[in-house]
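Below is one structure, written out as structure tokens; the observations come after it.
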Amino acid sequence: MSKTIGSPGVPTVKVSPRGASRLKDGHVWVYRSDVVAANGVPPGSLVNVADHRGQPLGSALYSSSSQIAIRLISREPVADFAALLRQRIADAVAYREPIVRDTNAYRLVFSEADFLPGLIVDRYNDILSLQILTQAMDAQIVRETLISELIRRLHPASIVERVEPRVRQLEELPPRPSGLMQGKKVSTIFAMNGVQFHFDALEGQKTGAFLDQRENYAAAAQYAHGEALDVFCYQGGFALHMAPRCSRVTGIDSSRPALEVADQNATLNHAQLNGKEIEWIEANAFDLLKDYSSSGQRYDTIVLDPPAFAKTKRDLDAALRGYKELNLRALKMLRPGGILVTCSCSYHVSPADFLGMLADAARDAHRVLRLIEVRGQSKDHPVLLNVPESAYLKCVIAIVS
Ligand code: SAH
């Protein structure tokens, strides 16, 4: 059968009618429960995908352990996998040329949304930070192809791999440490919207910074004024962008190492800050907001950018309670005319859930909220419309009266 479909020599995985219709609807994943035949398919291989009758559906990367067994990489047969990978990198670079502005730090490859499922590449000035999330992308030949193409197109000083141990476990890949894949440089300075940031490729959370908020920083800075609070500030992304427009800025985070970098970032940007100091407070944001709101502290601008509260669908109710508590307290602390910038990076919390939560919080706080902007992730994190999982960040900017 595999003689008549797909690429010769490539194994075929058959999927159920439900799996097939998911792919025909434009999604790129098939769950293991919808795989009907994958006998002897090696972990992490390129496969032809066919429906239960043998009709071809495209080419995919196969995982033998993940619940997401199939990630489509092309709707066509793939004759030369290495050439396809190189072309995909070229396409990802070209996609960003007209849409990424005022920065030398952005996401260069966003997995499924750049048709390279399981691969994330972030650029921080002259350092590339790479994350491999699937068996297929971990193969040595794939790594070598990706690295040589990234070097050819971007000439980075170095390429660093950031390893998520939990992801490797789920993919049944042997543990490996984060580290340099190419070159020697592990730290640099990057800039976005005219603000500079220190970057240490082997420290910090995620691949180093929250690049998905880049355009939201600039948007928030437009409306920020007066006394501002940046809650869950990490290395100061929002605080540093808002500071030139505000009389006083305080950043709150529970991570001391993050706040140390935030403070170094403030020093780096002292010229724009005109001698203004940003105060960094190490605290649990829930406790601190409770204290501040009950002791009558008032602000003109509050940013809430917590970590993902809903890691799975099951967490949705608890997550919405957490978001509501934070937003309720922030709303109570904002002066009339105050600006709330409130974010959620949980995919499982839909934009409608998030706005509903915010409406409940406004009602309970007896405040009227008018929406100024309902935003998402920066354009270098593209959203594939038929793959809802690729849209995860919500950022609402609203004015309180
Ligand atoms: N706004 C940041 C990103 C925030 S990520 C930026 O734009 O760069 C979420 C942050 O919340 C992390 O820095 C993490 O250290 C912090 N955090 C997690 N739980 C917390 C808690 N309970 N109280 C305060 N900070 C917390």
Side-chain angles (χ1 to χ4, degrees), residues 6-11 13 23 28-29 41-49 56-63 68 70-100 104-163 167 171 173 176 179-183 185 201 207 211 379-384 387 390:
S7 320
V10 173
V13 171
L23 295 180
V28 293
W29 292 349
V41 175
S45 43
L46 177 72
V47 296
N48 296 317
V49 187
L57 294 165
S59 307
L61 305 181
Y62 177 71
S63 169
I68 306 168
I70 291 287
R71 293 171 196 253
L72 211 67
I73 193 165
S74 171
R75 301 264 163 194
E76 307 292 327
V78 173
D80 182 342
F81 187 32
L84 179 75
L85 293 173
R86 286 195 292 269
Q87 184 59 46
R88 292 278 195 261
I89 299 274
D91 293 346
V93 171
Y95 165 79
R96 284 155 180 80
E97 263 160 23
I99 63 154
V100 175
N104 57 14
Y106 52 90
R107 181 149 292 183
L108 192 69
V109 175
F110 184 32
S111 202
E112 279 78 359
D114 281 298
F115 316 108
L116 282 167
L119 178 70
I120 287 177
V121 183
D122 287 339
R123 176 182 167 198
Y124 294 93
N125 186 13
D126 52 355
I127 298 181
L128 297 182
S129 181
L130 187 141
Q131 274 185 304
I132 283 173
L133 306 171
T134 55
Q135 292 172 351
M137 287 294 171
D138 195 53
Q140 195 52 32
I141 179 74
V142 172
R143 286 170 169 270
E144 284 165 14
T145 305
L146 294 171
I147 287 175
S148 69
E149 193 60 20
L150 288 169
I151 291 172
R152 200 166 78 81
R153 300 217 164 254
L154 293 138
H155 314 291
S158 61
I159 303 180
V160 171
E161 179 178 7
R162 289 294 295 243
V163 174
V167 169
E171 287 286 308
L173 291 166
R176 63 185 283 151
L180 281 160
M181 302 172 97
Q182 178 73 32
K185 193 170 176 181
T207 66
L211 299 176
K379 291 190 273 294
D380 48 324
H381 295 58
V383 172
L384 265 189
V387 180
S390 61

Given Ser129 and Arg162, is the side chain to side chain contact (heavy atoms under 4.5 Å, CB included) satisfied, shown in steps?
-> CA-CA 7 Å; Ser129 181; Arg162 289 294 295 243; 3.4 Å; yes
Please test Ser111 against Leu119 for side chain to side chain contact (heavy atoms under 4.5 Å, CB included), starting from the C-alpha separation and ending with a verdict.
-> CA-CA 5 Å; Ser111 202; Leu119 178 70; 5.9 Å; no
Show your working on side chain to side chain contact (heavy atoms under 4.5 Å, CB included) between Val78 and Leu46 and close with a plain yes or no.
-> CA-CA 9 Å; Val78 173; Leu46 177 72; 4.1 Å; yes
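In terms of heavy atoms, Pro156 sits closest to Leu150 at CD-O, 3.8 Å. Summarising the geometry of His155 relative to Arg152, their closest heavy-atom pair is CE1-O, 3.3 Å, with the distance given to 0.1 Å. The shortest non-hydrogen separation linking Ser45 to Pro11 is OG-CG, 4.4 Å. Of all the heavy atoms in Leu72 and Pro117, the pair that sits closest is O-CG, 3.8 Å. The nearest pair of heavy atoms linking Ser148 to Thr145 is OG-O, 3.1 Å.
In this structure the side chain of Asn104 never reaches within 4.5 angstrom of the side chain of Tyr124, judged on heavy atoms. Taking the side chain as every heavy atom from C-beta outward, Gln135 and Pro43 approach each other to under 4.5 Å. A 4.5 Å side-chain heavy-atom check between Val160 and Leu130 finds every atom pair outside the cut-off. When side chains are defined from C-beta on, Lys379 does not count as touching Val100, because their heavy atoms never get closer than 4.5 Å. You'll find the side chain of Phe81 reaches within 4.5 Å of the side chain of Leu61, heavy atoms only.
Note that the CG atom of Leu23 and the CZ atom of Arg75 stand 6.0 Å from one another [nearest 0.5 Å]. Taking OH of Tyr106 as the reference point, atom CG of Asp122 lies at 10.5 Å (rounded to 0.5 Å). Here CG of Leu108 is found 12.0 Å from OH of Tyr95. Values are rounded to the nearest 0.5 Å. Atoms CG and CD1, from Leu85 and Ile73 in turn, are 5.5 Å apart once rounded to the nearest 0.5 Å. Annotation: the span from Ile147 atom CD1 to Ile151 atom CD1 amounts to 6.5 Å, rounded to 0.5 Å. Taking CG from Leu146 and CG from Leu128, the interatomic distance works out to 11.5 Å, rounded to the nearest 0.5 Å.
Listed for the Arg96 side chain is a donor-acceptor partner under 3.5 Å among the backbone atoms of Asp380. A donor-acceptor pair under 3.5 Å is formed between the side chain of Arg88 and the backbone N or O of Phe115. Remark: the backbone N or O of Leu116 is not paired with any side-chain donor or acceptor of Asp114 at under 3.5 angstrom. For Ser59 (side chain) and Glu76 (main-chain N/O), a donor-acceptor pair under 3.5 Å exists by modelled atom type.
Evaluation of the salt bridge (Lys or Arg N to Asp or Glu O under 4.0 Å) rule for Arg71 yields Glu112 as partners, not counting sequence neighbours.
Looking only at atom types and distance, the side chain of Glu171 has a donor-acceptor partner in the side chain of Ser63 under 3.5 Å away.
Sorted by first and then second residue, the pairs that involve residues 125-144 and meet salt bridge (charged side-chain N to carboxylate O under 4.0 Å, His left out), not counting sequence neighbours, are Asp126-Lys185, Asp138-Arg143, Asp138-Arg168, Arg143-Glu161.
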